[in-house]
> 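Just dropping this structure here.
Below, chains carry the letters A, B, ... as their sequence lines are ordered, and counting in each starts from 1.
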Amino acid sequence: MDLVVYNTLTRRKEVFQPLAAGGSQPVSVGDSQGSAAPVAGEKPLVRMYVCGVTVYDLCHLGHARTYVVWDMVRRYLEWRGYRVRYVQNFTDVDDKILKRALERGESMQAVAERFIAEYFQDMDRLNIKRADLYPRATQSLQAMFQLIQSLELKGFAYRVRDPIRHQIDPSSFRQAGHQPETPASVQYSVYYSVRKFPDYGQLSGRKLEEMEAGASGRVGEEGADKQDPFDFALWKAAPPSEPGFASPWGWGRPGWHIECSAMVRETLGDHIDIHAGGADLIFPHHENELAQSEPITGKPMAKYWMHNGFLNINGEKMSKSLGNFTTLRQALAIYHPMALRLFLLQTHYRSPIDLTEAAMQAASRGWETLQKGIHCAQQFCKGEKGSPEAEAMQAFQAAMDDDFGTPGALAVAFELAKELTREHNLFTHQGQTHLEPQALRQKSAALLEILATLGFCWPEVIGYEEIHLAAGSAFKVETVQTQIEAEQIEELIAQRSAARKAKNFSEADRIRDQLKALGITLIDQKDGTTRWLRE
RNA sequence: GGUGGCGUAGCCAAGUGGUAAGGCAGAGGUCUGCAAAACCUCUAUGCGCCAGUUCGAAUCUGGCCGCCACCUCCA
């Protein structure tokens, strides 16, 4: 069975075949016993680049969706037997960072560093795996220079002599510790000439002619020195009083798109497997990246361009002006991180997703359902870790192979979780289960593997106490340290039973409440006896 | 204006030619002194609307209506 992915470039689903298809074929369920993965050295490599954040503020819910989605894709590729080299950049030089630095009287670097740390704090809570590499724009300047020079040489870029001008009051930068540079005699901005690249627009499916109508009247002062309104800056000259970098074109700062072109090339090479990001990046960001890279390398920049849909809030686009801008941190103060992850993965990654209070509550309950299943699964498969049930894993793979169909994959997980919970309850309440221990272990292993592959995490069970099934096979049940001993519980239950027999229900309920407060739940059974369990 | 996408139960959401997955919420029931927990059952003759193709369509075609995104910084 093939993994199929939707490629923005071709606007259709394609069979996924990595460029470096060396070594063995990816493993699929049934190829080998259990979940055995191929030997590490034989795994085909997948080179994946995801556009990261501009670090001038806390992450918002849209970022959460994007990075959860690509984390899921990465994990699934790994589960599928690929070795994924995952690179995600930080844009740490940008006008918005500059503005923030100015407001706070800090250096651009200090602002960037702080929000990078905040980024990791948020993403860790969502259980997003760290990238193999986090290149930063400020550390990739040489690669950018090289690329811009190549573009100039090949005639894709042109220089515009820049008058030294001060856009921002220089004194504010001095306060922030910036030492003005000695002005160069001449400095230039460098622009990319879109007309020179015949394929411009191939990724976003646009033609320059079609866009002109919409763009006319929107080109402001920024584009005053451009030859064409769609040309974009590769290098922007800046007054020496402003933060910037020395370059072959004098003092200035890089254009936004060039950094990714340079970093992709520097970290993963000229032709990578997957280039991913939010749908809003298709145009102009990715279109421009592609236009900058391909004429120089002579190779397609990426084999698969993938984009995730947007997150809306109450049906509206999230934006600061609408007042519905929600930071991840605010959301995580209310909802469990895994409930948010569940919410995000219950929608296909390319569809828009609408976050509402009701939807998040449903997801929170859904996570509770999964958690119960996980808890039961942990107990069922502790000890002998069996292979995951083939039927469930095949259903999971079928859903995921179709362009990462997480909603269908989650349906499999929910069915397993509910079944395991039911079986576990049958056991705790009646002392027996419908299914054989072997089947329970396989289903448990399947549930845990599916959820782990989708990037969910849960606490490991700390201690176990052996319990026995009617079938004679042992399971281990979690025990929690409580201050009450079993004998005391039994004694209180006996007291309560006596009270119940005497129809003294208020006393019986008092004892039940007392135990409840200690985390002990009583279950009155048909035969008159009372079971108890610790929470 | 251009481009792309979407419209499936109260809500979320799969399904892309073979007779509507799953979750959340809800209803009824079993059990109980009351509970708790659990278990069982039920909840779209219908997939925006109208035509067409087909033995058969939520799925394909055409038209219409509605919603959204992108075209400007944006995940």
Side-chain angles (χ1 to χ4, degrees), chain A residues 8 11 50-54 56 59-70 94-96 201 204-207 209-216 218-220 222-223 229-230 256 276-285 287 307-312 315-320 342-343 346-348 350-370 395 399 402 405-415 417-418 421-422 424-430 434 499-501 503-506 508-509 512-513 516 521-526 531 533 535:
Chain A
T8 305
R11 271 167 282 278
V50 176
C51 281
V53 287
T54 300
Y56 72 104
C59 286
H60 59 241
L61 287 168
H63 294 119
R65 180 182 196 191
T66 294
Y67 300 114
V68 163
V69 161
W70 303 116
D94 171 272
D95 286 351
K96 287 192 288 292
S204 53
R206 292 159 209 269
K207 295 187 175 95
E209 298 71 39
E210 285 166 349
M211 290 194 291
E212 287 188 68
S216 63
R218 294 195 195 181
V219 179
E222 275 292 300
F230 289 103
W256 175 37
D280 54 326
L281 297 183
I282 298 171
F283 190 90
H285 186 56
E287 190 72 68
H307 297 91
N308 63 280
F310 254 49
L311 179 138
N312 296 319
E316 289 178 314
K317 179 177 171 165
M318 179 167 59
S319 74
K320 285 182 177 170
L342 174 64
F343 168 75
Q346 264 184 321
T347 299
H348 184 91
R350 282 189 287 121
S351 302
I353 190 168
D354 190 26
L355 189 139
T356 61
E357 177 68 26
M360 274 312 301
Q361 278 173 5
S364 298
R365 292 226 170 81
W367 173 242
E368 282 173 26
T369 300
L370 289 178
D402 183 10
T406 52
L410 281 165
V412 177
F414 269 106
E415 280 171 32
K418 288 214 153 188
T421 305
R422 191 163 57 240
H424 194 265
N425 284 328
L426 279 173
F427 178 71
T428 52
H429 287 259
Q430 293 169 20
H434 288 320
R500 289 175 73 204
K501 277 196 184 117
K503 306 256 186 235
N504 184 359
F505 296 121
S506 61
D509 291 349
R512 184 169 64 194
D513 292 345
K516 185 77 190 170
T521 302
L522 300 186
I523 303 157
D524 294 334
Q525 304 220 105
K526 240 176 177 174
R531 282 175 156 268
L533 54 104
E535 281 175 2

> A/R11 has an atom CZ; how far is it from atom C1' of B/rC70, in whole Å?
13 Å
> Rounding to an integer number of angstrom, what distance separates B/rC12 and B/rC68 when you compare their P atoms?
15 Å
> Taking only the C1' atom of each, what is the distance from B/rA21 to B/rU43 in whole angstrom?
16 Å
> Considering only side-chain heavy atoms of A/A508, which listed nucleotide, B/rA38, B/rG33, B/rA75, is closest?
B/rG33
> Considering only atom P, compute the distance from B/rC47 to B/rG7 and round it to an integer number of Å.
14 Å
> Taking all heavy atoms of A/L342 and all of A/W367, pick out the closest pair and write down the distance.
CD2-N, 3.4 Å
> Regarding A/G277, tell me which of base, sugar-phosphate or nothing describes its non-hydrogen contacts under 4.0 Å with the strands shown.
sugar-phosphate
> Could you give the distance from CZ (A/F343) to OG1 (A/T356), rounded to the nearest 0.5 Å?
6.5 Å
> Take the protein atom CG of A/N504 and the nucleotide atom C1' of B/rC34, then report the distance between them rounded to whole Å.
14 Å
> Separation of A/K503 atom NZ from B/rU32 atom C1', in whole Å?
12 Å
> When we call it a touch if two heavy atoms are under 4.0 Å apart, what does A/I282 touch: a base, just sugar-phosphate, or nothing?
nothing
> Considering only the C1' atoms, how many Å lie between B/rA58 and B/rC6, rounded to the nearest integer?
14 Å
> Provide, to the nearest angstrom, the distance between the CG atom belonging to A/D509 and the C1' atom belonging to B/rC34.
7 Å
> To the nearest Å, give me how far apart CD (A/E368) and P (B/rA37) are.
12 Å
> Side chain of A/R206, heavy atoms from C-beta onward: which of B/rA38, B/rC68, B/rG2 has the nearest atom to it?
B/rG2
> Using a 4.5 Å cut-off on heavy atoms from C-beta on, say whether the side chain of A/K503 contacts that of A/F505.
yes
> Which whole number of Å gives the distance between the P atom of B/rG46 and that of B/rG10?
13 Å
> Name the closest nucleotide to the A/T347 side chain, picking from B/rA75, B/rA13, B/rG33.
B/rA13
> For residues A/G408 and A/A399, report the shortest heavy-atom separation together with the two atoms involved.
C-CB, 3.8 Å
> Nearest heavy-atom pair of A/T347 and A/R65: which atoms, and what distance?
CG2-NH2, 4.0 Å
> In Å, rounded to the nearest 0.5 Å, how long is the span from NZ of A/K418 to CZ of A/R422?
8.5 Å
> Show your working on salt bridge (Lys or Arg N to Asp or Glu O under 4.0 Å) between A/D513 and A/K516 and close with a plain yes or no.
CA-CA 5 Å; A/D513 292 345; A/K516 185 77 190 170; over 6 Å; no
> Would you give a per-nucleotide map of nucleotides 18-25 of chain B, 5' to 3', where B means the base has a protein non-hydrogen atom under 4.0 Å away, S means only the sugar-phosphate does, and - means neither?
---BSSSS
> Once rounded to the nearest 0.5 Å, what's the spacing between atom CG of A/D280 and atom NZ of A/K317?
7.0 Å
> Within a strict 4.5 Å, meaning less than it, do heavy atoms of the A/D524 and A/R500 side chains meet?
yes
> Rounding to an integer number of angstrom, what distance separates B/rA20 and B/rG56 when you compare their C1' atoms?
15 Å
> Regarding A/I523, tell me which of base, sugar-phosphate or nothing describes its non-hydrogen contacts under 4.0 Å with the strands shown.
base
> Using a 4.0 Å heavy-atom cut-off, does A/D94 contact any base of the nucleic acid, only the sugar-phosphate backbone, or nothing at all?
nothing
> Expressed in whole Å, how much space separates the C1' atoms belonging to B/rC70 and B/rA9?
32 Å
> Rounded to the nearest Å, what distance is computed from the CG atom of residue A/N425 to the C1' atom of nucleotide B/rC39?
9 Å
> Which nucleotide in the set B/rG33, B/rA14, B/rA75 lies at the smallest distance from any side-chain heavy atom of A/L311?
B/rA75
> Looking for any heavy atom pair under 4.0 Å, which part of the strands does A/Y67 touch: base, sugar-phosphate only, or nothing?
sugar-phosphate
> Write down the distance separating the P atoms in B/rG48 and B/rU8, rounded off to the nearest Å.
6 Å
> Give a yes/no answer on whether the side chain of A/K317 brings an N or O atom under 4.0 Å of OP1 or OP2 in B/rC70.
yes
> Considering every strand shown, what is the Watson-Crick or G-U wobble mate of B/rA9 when both distances are under 3.5 Å?
none
> If you look at every strand shown and take non-hydrogen atoms under 4.0 Å, does A/F283 touch a base, only sugar-phosphate, or nothing?
sugar-phosphate
> Might you point out which heavy atoms bring A/F414 and A/Q346 nearest each other, and give the distance in Å?
CE1-NE2, 3.8 Å
> Measure CG/A/D513 against C1'/B/rC34 and give the value in whole Å, please.
11 Å
> Need one value for A/G405: base, sugar-phosphate or nothing, where a base atom within 4.0 Å counts as base even if backbone is also close, heavy atoms only.
nothing
> Please determine whether any donor N or O and acceptor N or O are separated by less than 3.5 Å between the side chain of A/D524 and the base of B/rG33.
no
> Find the distance A/L522:CG to B/rG33:P and express it as a whole number of Å.
15 Å
> Counting only side-chain heavy atoms from C-beta out, which of B/rA36, B/rA35, B/rA75 sits nearest to A/R512?
B/rA35
> Taking 4.0 Å as the cut-off, does a side-chain nitrogen or oxygen of A/R422 come that near to OP1 or OP2 on B/rC40?
yes
> For B/rA75, does the base pair up with any side-chain atom of A/H60 as donor and acceptor (N or O, under 3.5 Å, distance only)?
yes
> Please work out if A/R350 contacts a base, only the sugar-phosphate, or nothing of the nucleic acid, heavy-atom cut-off 4.0 Å.
nothing
